[in-house]
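Written below as structure tokens is the structure these notes are about.
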Amino acid sequence: MAARPEFTIGIEEEYLIIDPESGNLVAIPDNRFIAECQSCTGQKAQNEYLQCQIEIGTSPQKSVASAGNELAELRNLVAETASRFGYAIIAASTHPLAKWREQTHTRKERYDTLRLDLGQNARRLLICGMHFHIGIEDDDLRIDLMNQASYFLPHLLALSCSSPFWEGEDTSLASYRIAVFDSLPRTGLPDTLSSYAEYARLIQHLVDSGCLEDGSKIWWDIRPSAKFPTIEQRITDVCSVQKDAVTIAAVFQSLIAYLYRLRSLNQRWRSYPPILINENRWRAQRYGMRQPLVDHGKGAMTPFAELAGEIVELMAEDADALGCEPELRDIIALVERGNSSDRQRAIYAEARRNGLTEQESLRLVTRHLAAEFLQGI
């Protein structure tokens, strides 16, 4: 049996840079903006694929509370720096109005290659995500827990959805980001793997055959990180409100610890065919938390609020051991107040009822997202 992991947690978020007056994206920010963000955050901020984006990442933390505090600090620093340049920041996985054709990619060798390899699919990547890293030092344990955690990925997505609008239209999806990202190769649910050695052979085969340079271009919803000894969760939209991100981080950290506890008892979460997990993935992408997911153990549609209660019940012991039980229990309140997609649609609907045009209503949504970026911090 592998030694008990540390279960450290790190959070990565991608943001959009906007003009606070118009709500439009800043397609080409001042070069000094990114440099100053990097300086004030201790190099924990960096540019992203598109110039209108910025990414931050916390240090590995032993507790969700510590990771949440660092995330709040990084959001503050980036927002304060943005304000000095006349910008604002939003955390949403799509911009309600922006056109992808009007954006420019960051000039980096990696991004230049990405654009060349992926064609127009890469040009459409006007999307932002949120990733969690959980420290698992043992290679094979990392693969085993990843396999089992895949069942819960749709639940994490449903909690996080923040991309209902695309180029000025309601997509009818809670997470349109997933639709855009799934156009890339090597995305979606991970392959079920028997060991880390099998994963390494898979990567080496693709590298040797000239398909990719390294494992960082395996863009599964969950994967062994190519940089760190971590399980990296990648399915979630970025949360507009920092508190929601912390809640979902607690769910994911508690989930990995729960699956480890099952393993230590010579038990495991049941494996289901990808088609069944993908059905829930689609339902989460389409409806967020507003429609049931399938409880595959029961073989029945189950309201999301009921599933959230079961998550708390299953993982409370592990959350308590990790010191994040209050954050885990916040999942109940998150379900009640809704995710960012729910709030964006509600603001838009109210604005339309008040006589605003479609464009005016969507600009109001964008301004609301800018206000939510620092809400509660």
First locate atom [atom1] of [X], then atom [atom2] of [Y], and finally report the distance between them rounded to the nearest 0.5 Å.
X	Y	atom1	atom2	result
L74	E13	CG	CD	9.0 Å
T230	R223	OG1	CZ	8.5 Å
Q253	I11	CD	CD1	9.5 Å
I256	M315	CD1	CE	9.0 Å
R329	L334	CZ	CG	15.5 Å
L71	I377	CG	CD1	7.0 Å

Considering only NZ, NE, NH1 and NH2 on the basic side and carboxylate oxygens on the acidic side, decide whether [X] and [Y] come within less than 4.0 Å.
X	Y	result
E279	R283	no
D191	R186	no
D221	R234	no
R84	E80	no
R177	E14	no
R142	E137	no
E232	K227	no

Is it the case that [X] and [Y] place a side-chain donor and acceptor less than 3.5 Å from each other?
X	Y	answer
Q51	T104	yes
S162	Q344	no
N24	R363	yes
S194	E198	yes
S163	D237	yes
K108	T113	no
Q242	Q375	no
N147	T192	no
H105	D112	yes

Could you tell me whether [X] atom [atom1] has more than 12 heavy atoms of other residues or ligands within 6.0 Å of it?
X	atom1	answer
K62	NZ	no
R337	CZ	yes
Q267	CD	yes
N266	CG	no
E21	CD	no
N31	CG	no

#### Entry: Pair Y348 and F165, ring centroids less than 6.0 Å apart
yes
### Sub-6.0 Å ring centroid separation between H296 and Y272
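Yes; Y272 has its ring centre under 6.0 Å from that of H296.
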Between [X] and [Y], is there a donor-acceptor pair closer than 3.5 Å when you use the side chain of the first and the backbone of the second?
X	Y	value
S150	M146	yes
S209	L206	yes
S264	R261	yes

Less than 4.5 Å apart, any side-chain heavy atom of [X] and any of [Y]?
X	Y	result
T357	E360	yes
T247	L159	no
V294	L276	no

## Note on the structure
Checking D144, D140, D138 against R263 for salt bridge (Lys or Arg N to Asp or Glu O under 4.0 Å), the one that qualifies is D144
### Query
Do R75's NZ or CZ and the ring of F373 fall within the cation-pi criteria of under 6.0 Å and 45°?
yes
### Query
Do you know which two heavy atoms are closest between V365 and I347, and how far apart they sit?
CG2-CG2, 4.0 Å
### Message
Using the rule given for side-chain hydrogen bond (donor to acceptor under 3.5 Å, both in side chains), can you reason through T41 versus Q38, listing the C-alpha separation, both sets of side-chain angles and the distance that settles it, and then say yes or no?
### Response
CA-CA 5 Å; T41 62; Q38 290 174 329; over 6 Å; no
